[in-house]
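Contents: one structure, followed by commentary.
For ligands, and for the atoms within them, numbers begin at 1 and follow the listed sequence. Quick note: numbers below take in every heavy atom, side chains included, and nothing from hydrogens, waters or symmetry partners.
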Amino acid sequence: MRLVGIFGGTFNPIHFGHLRMAQELASILAMDEVKFILSANPPHKDNVMVSAEHRSAMVKLAIADNPLFSLDELELNREGPSYTIDTLVSLRESLGQDTSLCLMMGSDAFVNLNTWCRWQELLDYAHIVLVQRPSAQPQEAFPTEVKALLRDHYTDQHADLANENSGGIIMQSITGQDISATGVRGMFGRGESVRYLVHDEVGSYVQQHHLYRQ
Ligand code: ATP
């Protein structure tokens, strides 16, 4: 079974918190590849201030030197809000049943899972690999429905990700990096250095295109 990491986000902009998380999960869980999926019209974020084209260009620059990583623009080609379930259905169709899909997400995303479109169906198409974000709420803060989902699907066996192509939830600890795109945008806006928070190429792109100016 091939193991494919699916890493969705607004990437506004992509930062080292994203990149390190993807790399560590890929290494620890022996993934064959990680697909970054850019959310063009994120239903949960109302503050997207730069175009999908710019965000996509920055992801490409940030992952260019990593053969495990690729950018999938399938959400960019769809009208309307970018729902993860539609993306998983489409990936399952194109990749077939012999691929284990591992949806990677931070705890801040998982905590709202019960507000996602057709959220109960996500595990029919993929596993969820959950990482704790350093500034995240403790597990008790998960809504009851989300806690129940975690209880029913939790596994601590990495092998389960390769034995079945979907249906499990793994919690994986990684090196915590308390970086957020919100924080990075603020620093760009104030003209502060973002070195070592974002890839140098991303920093140059932002300057060149005058993004995130206040
Ligand atoms: P914003 O600050 O604009 O809300 P963000 O930094 O949370 O953005 P997103 O593109 O919304 O970035 O995140 C995509 C995914 O990456 C989410 O699942 C999120 O939990 C995860 N993520 C983002 N930053 C980190 C980080 N520093 N460590 C671990 N996971 C992260």
Any non-hydrogen atom of [X] lying under 4.0 Å from ligand 1?
X	answer
Asp108	yes
His15	yes
Arg185	yes
Phe110	no
Gly8	yes

(request) Check salt bridge (charged side-chain N to carboxylate O under 4.0 Å, His left out) between Asp124 and all other residues, then give those that pass, not counting sequence neighbours. (result) none

(request) Indicate, as side chain, backbone, both or neither, the part of Gln177 found under 4.0 angstrom from ligand 1 when only non-hydrogen atoms are considered. (result) backbone

(message) Apply side-chain hydrogen bond (donor to acceptor under 3.5 Å, both in side chains) to residues His127 and Glu164 and explain how you reach the verdict.
(response) CA-CA 9 Å; His127 300 289; Glu164 301 286 339; over 6 Å; no

(request) Just grab all the salt bridge (Lys or Arg N to Asp or Glu O under 4.0 Å) pairs involving residues 17-31, residues at least two apart or on different chains. (result) Arg20-Glu24

(request) Establish whether Met1 and Ile6 are linked, either directly or via other cluster members, by ILVMFWY side-chain heavy-atom contacts under 4.5 Å. (result) no

(request) Check each of Ser39, Gly17, Gly183, Gly106 against atom 18 (O) of ligand 1 and report the one with the nearest heavy atom. (result) Gly106

(request) Heavy-atom contacts with Phe11 under 4.0 Å: which atoms of ligand 1 show up? List them by number with element. (result) 10 (O)

